[in-house]
Amino acid sequence: QVQLVESGGGLVQAGGSLRLSCVVSGRTFPREVTAWFRQGPGKERDCVAAITWSSSNTYYAEFVQGRFTISRDNAKDTVYLEMNNLKPEDTGLYYCARDTVVWQNTCVARDFGSWGQGTQVTVSS
């Protein structure tokens with residue numbers, strides 16, 4: 001079984017930056033896709049960004065393009081989400097998730113079978 005553990009969340013002022021980390025343990029695959037999702041109060045869980053094992057393909061939601069960067073360090077079994085110019089609407093519970101499907105340039109929650117526990121990000125105005 002694969003486990004994903006997120007960290008790095010917290011309280012930050014608008015315009016600030018934060019880096020989230022996701023450590024993946026257990027069985028992993030070279031062709032896997034790892035993604036970050038967020039869920040605000042009373043909202044659905046939406047994909048923020050996704051990345052392939054080789055970092056050859058990435059996906060970003062329109063609402064974070066130019067502000068967030070997803071990356072990974074496979075030697076450390078870790079996926080990162082660098083969050084810059086944070087806005088209050090970025091507030092939510094951020095989850096790391098993994099699938100083993102072929103890259104399709106899409107990112108939807110139903111395609112991901114393994115999830116972390118989430119880390120809270122709160123952006124104050």
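From a predicted model like this one, the values you see are computed outputs, not experimental measurements.
Side chains of T100 and E32: a donor-acceptor N/O pair is absent below 3.5 angstrom, by distance only.
Cation-pi geometry between R98 and W115 is not satisfied (NZ or CZ under 6.0 Å from the ring centre, within 45° of the ring normal).
Atom CH2 in W36 sits 16.0 Å away from atom CG in D46 (nearest 0.5 Å). In this structure, C96 SG and F37 CZ are separated by 10.0 Å, a value rounded to the nearest 0.5 Å. Put simply, OG on S71 and CG on L81 are 8.5 Å apart, with the number rounded to the nearest 0.5 Å. The distance from the OH atom of Y94 to the OG atom of S7 is 15.0 Å, given to the nearest 0.5 Å. The OG1 atom of T119 sits 10.5 Å away from the OH atom of Y95 when rounded to the nearest 0.5 Å. Between the CG atom of D99 and the CZ atom of F112 there is a distance of 4.0 Å, given to the nearest 0.5 Å.
In the hydrophobic clustering of ILVMFWY residues, with side-chain heavy atoms under 4.5 Å counting as a link, V12 and F68 come out together. Side-chain heavy atoms closer than 4.5 Å link hydrophobic residues (I, L, V, M, F, W, Y) into clusters, and following such links, possibly through other members, connects V64 to L20.
Smallest separation of non-hydrogen atoms from C47 and A35: SG-CB, 4.3 Å. Summarising the geometry of N57 relative to W103, their closest heavy-atom pair is CB-CE2, 3.4 Å, with the distance given to 0.1 Å. The two residues A14 and P88 make their nearest non-hydrogen contact at CB-CD, 4.1 Å. Considering all non-hydrogen atoms of both residues, S114 and L4 come closest at CB-CD1, 3.6 Å. Closest heavy-atom contact between N74 and W53: ND2-O, 2.8 Å. Across N105 and Y59, no two heavy atoms sit closer than the pair O-CD1, 4.2 Å.
Proximity of L93 to R38: side-chain heavy atoms (C-beta onward) are nowhere separated by under 4.5 Å. Looking at heavy atoms from C-beta onward, L18 lies in side-chain contact with V121 at the 4.5 angstrom threshold. Proximity of I70 to V79: side-chain heavy atoms (C-beta onward) are separated by under 4.5 Å at one or more points.
Just one of T58, V24, T34, T52 meets the side-chain contact (heavy atoms from CB on, under 4.5 Å) condition when paired with R72; it is T34.
Within the structure, every pair that satisfies the side chain to side chain donor-acceptor pair (under 3.5 Å) test and touches residues 77-89, not counting sequence neighbours, is listed here: S17-N84.
Listed for the Q117 side chain is a donor-acceptor partner under 3.5 Å among the backbone atoms of E6. Not one N or O on the side chain of T122 forms a donor-acceptor pair closer than 3.5 Å with the backbone of T91. The closest donor-acceptor contact from the side chain of Q65 to the backbone of F63 lies at 3.5 Å or more, if one exists at all. No side-chain donor-acceptor contact under 3.5 Å links R45 to the backbone of G40.
For R67, the salt bridge (Lys or Arg N to Asp or Glu O under 4.0 Å) partners are D90, not counting sequence neighbours.
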